[in-house]
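Being a predicted model, the structure only gives us computed values, none of them experimental. So you know, we letter chains A, B, ... as the sequences are listed, proteins then strands, and number each from 1.
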Number of protein chains: 2
Amino acid sequence: MPTAAELLRSHSLPVTAQRLAVLRAVSARPHGTADQITETVRGEIGTISRQAVYNVLGIFSEKGLIRRIQPSGSATLYEDRVGDNHHHLVCRTCGETLDVDCATGETPCLNAADEAGYEIDEAEVIYWGTCPRCLKAT
Amino acid sequence: MPTAAELLRSHSLPVTAQRLAVLRAVSARPHGTADQITETVRGEIGTISRQAVYNVLGIFSEKGLIRRIQPSGSATLYEDRVGDNHHHLVCRTCGETLDVDCATGETPCLNAADEAGYEIDEAEVIYWGTCPRCLKAT
DNA sequence: GTATTTTTTTGACAAAGTCCATTTCTTGAT
DNA sequence: ATCAAGAAATGGACTTTGTCAAAAAAATAC
């Protein structure tokens, strides 16, 4: 298990306090928005600019260190669980987001029936529903 | 085949020129943004407020007359193909959006492995890739 | 240590969408 | 037809989320 700093270096990324803190924040609070991550980081290292947060999240996503999720109608979420093929279950009412494994196997829905010449590299699946708590509150 | 006005009435929706025009616009140009729809409608009935477009799109989505699609990094798209279980294929480069049927059958990925007490009502699938044209341009 | 490259900061800006008060239109009943 | 009540549309300000660009600060490689 490499340290966070080693992880960054192995991707040719200069190590900065901001990057380490963002990485920890994403790991500590999965499915957080850029704003929530900024708050967490500020609680840890004092200050960080909004732009730096977006920069870091952007480059981490590119490098595959973290993953973006974009549910309809809410801000982009980030998580550090990458490399496996899992999807997300979002509550329409409270927005709670859960990881779920797909019932159909390891590469669910990765093949469209007619790819129309496209080169497909990812299938993004979001399950929409209502969480137990919000079901009760009805 | 009911007329557009009948369709609205059957959903207890008052019939207005704006609503008819928005419905036609969504039908004529699938996968359009609110802005594109606004333009189309203005070309047809002269003027419509931005708010009215959002109102109409919102209530149509609620009633199931149209469907929202929200690909990461672009505005919400709308289409009038509802009721069947089809998904979308989006080009990362040019943003072109295509309908695709899912290879795994009629209700692909509708069952998550562990639903955690959620009541799931929809599985949203977006395939990401590169369209033939953008592949060539590389 | 120093030079070079990269990152961070700062502040302006843009897109997408929402909120709210007012006016206008639809509908349903007279 | 007309009128009242409720619903929808308008206009304008505002919020949220994210991006752009230039200057300052920090990290890496030598």
Side-chain angles (χ1 to χ4, degrees), chain A residues 3-23 25-26 31-42 44-63 65-66 68-78 95 97, chain B residues 3-23 25-26 31-42 44-63 65-66 68-78 95 97:
Chain A
T3 66
E6 284 166 359
L7 184 62
L8 294 184
R9 288 216 179 81
S10 73
H11 286 87
S12 317
L13 293 173
V15 177
T16 67
Q18 290 87 343
R19 286 177 170 179
L20 294 173
V22 167
L23 199 50
V26 173
H31 312 135
T33 63
D35 254 23
Q36 293 172 330
I37 291 162
T38 303
E39 275 178 45
T40 304
V41 169
R42 285 189 177 148
E44 212 185 329
I45 65 167
T47 63
I48 192 173
S49 69
R50 204 159 48 116
Q51 188 59 53
V53 173
Y54 281 109
N55 285 349
V56 172
L57 292 173
I59 199 161
F60 282 5
S61 298
E62 262 179 46
K63 297 281 183 176
L65 274 68
I66 63 175
R68 292 176 201 262
I69 318 151
Q70 166 107 34
S72 307
S74 83
T76 304
L77 309 180
Y78 299 87
T97 303
Chain B
T3 67
E6 283 165 359
L7 184 62
L8 294 184
R9 289 216 179 80
S10 72
H11 285 88
S12 318
L13 294 174
V15 177
T16 67
Q18 290 87 344
R19 285 178 172 179
L20 294 173
V22 167
L23 199 50
V26 173
H31 310 137
T33 63
D35 255 23
Q36 293 172 332
I37 291 162
T38 303
E39 273 176 48
T40 305
V41 169
R42 286 189 180 149
E44 210 184 330
I45 64 167
T47 63
I48 191 173
S49 67
R50 201 158 48 116
Q51 188 58 54
V53 174
Y54 281 109
N55 285 348
V56 172
L57 291 174
I59 199 160
F60 283 5
S61 298
E62 264 179 46
K63 298 280 184 178
L65 274 70
I66 62 176
R68 292 177 201 262
I69 319 152
Q70 166 108 32
S72 309
S74 84
T76 304
L77 309 180
Y78 299 86
T97 302

(request) Under the salt bridge (Lys or Arg N to Asp or Glu O under 4.0 Å) rule, collect the residues that match up with B:E39, sequence neighbours excluded. (result) none
Just the atom pairs and distances: protein N or O near nucleotides 8-12 of chain D's N or O, under 3.5 Å.
from   : atom 1 : to    : atom 2 : distance (Å)
D:dA8  : OP1    : B:R19 : NH1    : 3.3
D:dA8  : OP1    : B:R19 : NH2    : 2.7
D:dA8  : O5'    : B:R19 : NH2    : 3.4
D:dA9  : OP1    : B:T16 : OG1    : 2.9
D:dA9  : O3'    : B:Q18 : NE2    : 2.8
D:dT10 : OP1    : B:Q18 : NE2    : 3.4
D:dT10 : OP2    : B:S49 : N      : 2.8
D:dT10 : OP2    : B:S49 : OG     : 2.8

(message) Looking at B:P14, is its backbone amide N or carbonyl O close enough to the side chain of B:R19 to form a donor-acceptor pair, meaning the two atoms are under 3.5 Å apart?
(response) yes
(message) Rounded to whole Å, how long is the line connecting atom NE2 of B:H11 with atom C1' of C:dT26?
(response) 19 Å
(message) Rounded to whole Å, please give me the gap between NZ in A:K63 and C1' in C:dT7.
(response) 14 Å
(message) Can you give me the closest heavy-atom contact between B:A5 and B:L20, atom names plus distance?
(response) N-CD2, 3.8 Å
(request) Using atom CG of A:D35 as one end and atom P of D:dG18 as the other, report the distance to the nearest whole Å. (result) 8 Å
(message) Do A:L77 and A:T33 make a side-chain contact, defined as non-hydrogen atoms from C-beta onward lying under 4.5 Å apart?
(response) yes
(request) Give the angle between the helix axes at the two ends of the helix from C:dG1-D:dC30 to C:dT30-D:dA1, taking five base pairs at each end and rounding to 10°. (result) 40°
(request) Find the distance A:L8:CG to D:dA26:P and express it as a whole number of Å. (result) 18 Å
(request) Provide, to the nearest angstrom, the distance between the CG atom belonging to A:L57 and the P atom belonging to C:dT8. (result) 11 Å
(request) To the nearest Å, give me how far apart OH (B:Y54) and C1' (C:dC20) are. (result) 17 Å
(request) Report the residue from A:V56, A:V22, A:I59, A:L57 that forms a side-chain contact (heavy atoms from CB on, under 4.5 Å) with A:I66. (result) A:L57
(request) Taking all heavy atoms of A:A4 and all of A:L23, pick out the closest pair and write down the distance. (result) CB-CD2, 4.1 Å
(request) Output, in order, the C-alpha distance, side-chain angles, deciding distance and verdict of side chain to side chain contact (heavy atoms under 4.5 Å, CB included) for B:V41 and B:Q18. (result) CA-CA 8 Å; B:V41 169; B:Q18 290 87 344; 5.9 Å; no
(message) If the cut-off is 4.0 Å, is B:T76 near the phosphate of C:dG17, judged by side-chain N/O to OP1 or OP2?
(response) yes
(message) Using whole Å, what does the distance between atom P of nucleotide D:dG18 and atom CD of A:Q36 come to?
(response) 11 Å
(message) Output the rounded distance in Å from CD (A:E6) to C1' (D:dT28).
(response) 17 Å
(request) For the residue pair A:F60 and A:L8, establish whether any side-chain heavy-atom pair is separated by less than 4.5 Å. (result) yes
(request) Nearest 0.5 Å please: distance from the CG atom of A:L7 over to the CG atom of A:L65. (result) 4.5 Å
